[in-house]
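Have a look at this one.
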2 protein chains.
Amino acid sequence: MARLPEYLRALHNLAETGHETVSSEGLANAAGVNSAKLRKDLSQLGSYGTRGVGYDVGLLIDQIEYVLGLTQRRAVVLVGVGNLGHALAGYDGFASRGFRIAALLDADQELVGEEINGLVVQHIDDLPQVAAEESIAIGVIATPAAAAQRVADQLVAVGVTSILNFAPCVLSVPEGVDVRKVDLAIELQILSFHEHRKASLTALPAAGGSALTALPGGLAVTESQEAIGT
Amino acid sequence: MARLPEYLRALHNLAETGHETVSSEGLANAAGVNSAKLRKDLSQLGSYGTRGVGYDVGLLIDQIEYVLGLTQRRAVVLVGVGNLGHALAGYDGFASRGFRIAALLDADQELVGEEINGLVVQHIDDLPQVAAEESIAIGVIATPAAAAQRVADQLVAVGVTSILNFAPCVLSVPEGVDVRKVDLAIELQILSFHEHRKASLTALPAAGGSALTALPGGLAVTESQEAIGT
DNA sequence: AGGCGCTTGTGAAGACGTGCACAAATCGCG
DNA sequence: CGCGATTTGTGCACGTCTTCACAAGCGCCT
Ligand SMILES: NC(=O)c1ccc[n+]([C@@H]2O[C@H](COP(=O)([O-])OP(=O)(O)OC[C@H]3O[C@@H](n4cnc5c(N)ncnc54)[C@H](O)[C@@H]3O)[C@@H](O)[C@H]2O)c1
Ligand SMILES: NC(=O)c1ccc[n+]([C@@H]2O[C@H](COP(=O)([O-])OP(=O)(O)OC[C@H]3O[C@@H](n4cnc5c(N)ncnc54)[C@H](O)[C@@H]3O)[C@@H](O)[C@H]2O)c1
């Protein structure tokens, strides 16, 4: 389930603040989900909560980390050390959440050799050597969209089976390779859509305006955590 | 629908390459979705495709941009001009996709006054003045998680009703305020989960291993665009 | 030892999203 | 003018996700 990482983060917070057990309601609150949903998710893991008490925080962390495959620190290669790539390379969230940047790659010879956060940028053509030295599980693409497909092909060619793509384009990959996309513009446009919807609703509370303004109510947008109480 | 921005991007690509009309199948391919799903989405907009021909690219772009509320160029404030904030401030994807950065804000006095991409960083306490000058629709939070809730409160206080949050934490906001979250670590962990699952499957093709390894098959992860053919 | 309050785990119902398959509609061509 | 090729729009069925509600279980307090 895609919610497991969110639970994990909430659990780590709880562990740091000294909690040894959590109720499903407490954890659900911290993760911003329904408590029944959380219990159902956790029961899928075969997890052991104790009725009347709750879940053991430490045990649950271990369980979720195991299921997510975080018991081994996975190696990540970052391709494209530009504007965004720099920020990602300097991000400590990689290391603290179970990942390790194995290499920084770029096609720009000007960048090759530059050191960022203790890592030296290598040329993209060195990817095969990098992959030969250690098993790369995940590739992160932070190149312009025009180069993304080519980079993806190169990653797949050296055995990468999971790709996180920041370029605004769809990638074609063979079966068995997972791709997840993060697109800032899409997020903003979804928010803009909600803005537009809210504006229309407040402007015309009762009757509908133009044919287009009066959308057949309630277009759903998944993954939005709208209005989590105060 | 959350897929509209994806269609829009694909349509812009098509328009640039000279296409005047698209079939649902062609557009669906470019956007990485099922053609029936696309047609159903588009029919929700009350859109006019012509049977036997397809959709008019220009008209469809206008329609989707209208529905997404992109006819007006919305003002965005970016709070937290650190590692990630710098990258976002220098990103041209804002302007090219219908948004305009109205202000860069940070709490660090060292950063205040710095110019990035033609914009001068202001202090977070100047937020009320910024909001007074023009209507801010969207706030982007790129501060550490510890500060995110406070920043969100400040944004809400000046009338921001949509927030894009890059900090790894859940935000509490009043009803009517939309929050979307982008968390790099969560994306990586979902990929890691798939890696783990794939590894288990290939290692034990037939019988299940430990109780935990043999998950009750097929945990679903939404939004993943797995295996889009070659 | 027994009862009471609290919490988990889950059955069932409903909402929702997805994809197939096909009828209706439009265009181009003979 | 009519026919066939093509493509949209959608009814329908299916699977999934979500949520409520409640019985079963556990620990604590008396
Ligand atoms: N900057 C942001 O805040 C931001 C936000 C969201 C999405 N994005 C997307 O992320 C991508 C990168 O953005 P950016 O601002 O860092 O762009 P950028 O131009 O600053 O950096 C791109 C880097 O990729 C390298 N590159 C180009 N082709 C390559 C190849 N074939 N192999 C390896 N490296 C190659 C370039 O040398 C450059 O260093 C873009 O697709 C952009 O749309 C950026
Ligand atoms: N760097 C990345 O690649 C990356 C990727 C994903 C998520 N994130 C998340 O984005 C956030 C920012 O990351 P970063 O690497 O840029 O961190 P950073 O420490 O480099 O930058 C944080 C900035 O926020 C400012 N700030 C702190 N408190 C503030 C407040 N109350 N009001 C206004 N500004 C304030 C700081 O002065 C600093 O400039 C973090 O939550 C991080 O987890 C970062």
Side-chain angles (χ1 to χ4, degrees), chain A residues 1-4 6-7 10-11 14 19-57 59-60 63-64 190 211-212 215-229, chain B residues 1-4 6-7 10-11 14 19-57 59-60 63-64 190 211-212 215-229:
Chain A
M1 298 276 185
R3 287 183 294 268
L4 256 34
E6 192 72 45
Y7 301 158
L11 283 166
L14 288 166
H19 297 72
E20 298 209 344
T21 63
V22 224
S23 70
S24 64
E25 188 113 4
L27 182 54
N29 235 48
V33 298
N34 185 297
S35 71
K37 199 193 303 192
L38 181 134
R39 284 201 298 277
K40 197 149 277 189
D41 286 347
L42 259 42
S43 74
Q44 289 260 320
L45 306 184
S47 123
Y48 277 74
T50 6
R51 304 178 183 220
V53 177
Y55 298 89
D56 182 292
V57 173
L59 191 67
L60 204 48
Q63 287 231 5
I64 294 181
I190 292 173
L212 269 176
L215 289 173
L219 290 196
V221 174
T222 54
E223 189 75 11
S224 173
Q225 47 151 185
E226 181 167 2
I228 308 218
Chain B
M1 299 275 187
R3 287 183 293 268
L4 256 34
E6 192 71 46
Y7 302 158
L11 284 166
L14 288 167
H19 297 70
E20 297 209 346
T21 62
V22 223
S23 70
S24 65
E25 189 113 4
L27 182 54
N29 234 48
V33 299
N34 183 295
S35 70
K37 200 193 302 191
L38 181 134
R39 284 200 298 276
K40 199 153 276 186
D41 288 347
L42 259 42
S43 74
Q44 289 259 319
L45 307 184
S47 123
Y48 277 73
T50 9
R51 305 180 182 214
V53 176
Y55 298 90
D56 182 290
V57 173
L59 191 67
L60 203 49
Q63 286 230 5
I64 294 181
I190 292 173
L212 269 177
L215 288 173
L219 291 196
V221 174
T222 54
E223 190 76 12
S224 175
Q225 49 151 182
E226 182 166 2
I228 308 220

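Note on naming: letters A, B, ... go to the chains in the order of the sequence lines (proteins, then strands), and numbering restarts at 1 for each one.
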Considering only nitrogen or oxygen atoms on both sides, find all protein atoms under 3.5 Å from nucleotides 28-30 of chain D and state each distance.
none

Residue pair A/Tyr7 / A/Leu27: nearest heavy atoms and the distance that separates them: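 Taking every non-hydrogen atom into account, O-CD1, 4.2 Å.
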Pairs satisfying salt bridge (Lys or Arg N to Asp or Glu O under 4.0 Å), at least one member in residues 30-42 of chain A, at least two apart: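 Residue pairs passing salt bridge (Lys or Arg N to Asp or Glu O under 4.0 Å), neighbours aside: A/Arg3-A/Asp41.
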Non-hydrogen side-chain atoms of A/Val22 and A/Leu60 separated by less than 4.5 Å: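 When only atoms from C-beta onward are counted, A/Leu60 and A/Val22 do not touch, as no gap falls below 4.5 Å.
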All side-chain hydrogen bond (donor to acceptor under 3.5 Å, both in side chains) counterparts of B/Asp56, not counting sequence neighbours: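 If we apply the side-chain hydrogen bond (donor to acceptor under 3.5 Å, both in side chains) test to B/Asp56, skipping adjacent residues, there are no hits.
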Atom-pair distance (CE on A/Met1; P on D/dT16), nearest Å: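 Atom-to-atom, A/Met1 to D/dT16, this comes out as 11 Å.
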Atom pair distance, as rounded to whole Å: CZ in A/Arg3 and P in D/dC17: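 Result: 8 Å.
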OP1 or OP2 of D/dC20 under 4.0 Å from side-chain N/O of A/Asn34: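 The answer is yes; a side-chain N or O of A/Asn34 sits under 4.0 Å from OP1 or OP2.
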Donor-acceptor pair (no angle test) under 3.5 Å: A/Lys40 side chain, D/dT18 base: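 In this structure, the two groups form no donor-acceptor pair.
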Euclidean distance, atom NZ of residue A/Lys37 to atom P of C/dT10 [Å, nearest integer]: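 Checked: the NZ to P distance equals 19 Å.
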Atom-pair distance (CG on A/Asp41; C1' on C/dT10), nearest Å: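 Result: 13 Å.
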Would you give me the side-chain donor-acceptor pairs under 3.5 Å for residues 48-55 of chain A, sequence neighbours excluded?
from, atom 1, to, atom 2, distance (Å)
A/Thr50, OG1, A/Gly54, O, 3.3

Protein N or O to nucleotides 5-8 of chain C N or O, pairs below 3.5 Å:
from, atom 1, to, atom 2, distance (Å)
C/dT7, O4', A/Gly52, N, 3.0
C/dT8, OP1, A/Ser24, N, 2.5
C/dT8, OP2, A/Ser24, N, 3.3
C/dT8, OP2, A/Ser24, OG, 2.6
C/dT8, O2, A/Arg51, NH1, 3.2

Whole angstrom value for the distance that separates P of D/dT8 from CG of B/Leu60: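 Atom CG in B/Leu60 sits about 11 Å away from atom P in D/dT8.
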Least distance between heavy atoms, A/Ile64 atom then A/Leu4 atom: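 Taking every non-hydrogen atom into account, CG2-O, 3.9 Å.
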Contact summary for B/Ser24 and B/Ser35, nearest pair of heavy atoms: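 For B/Ser24 versus B/Ser35, the nearest heavy atoms are O-CB, 4.1 Å.
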With sequence neighbours excluded, residues passing side chain to side chain contact (heavy atoms under 4.5 Å, CB included) with A/Glu20: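 A/Glu20: no side chain to side chain contact (heavy atoms under 4.5 Å, CB included) contacts found.
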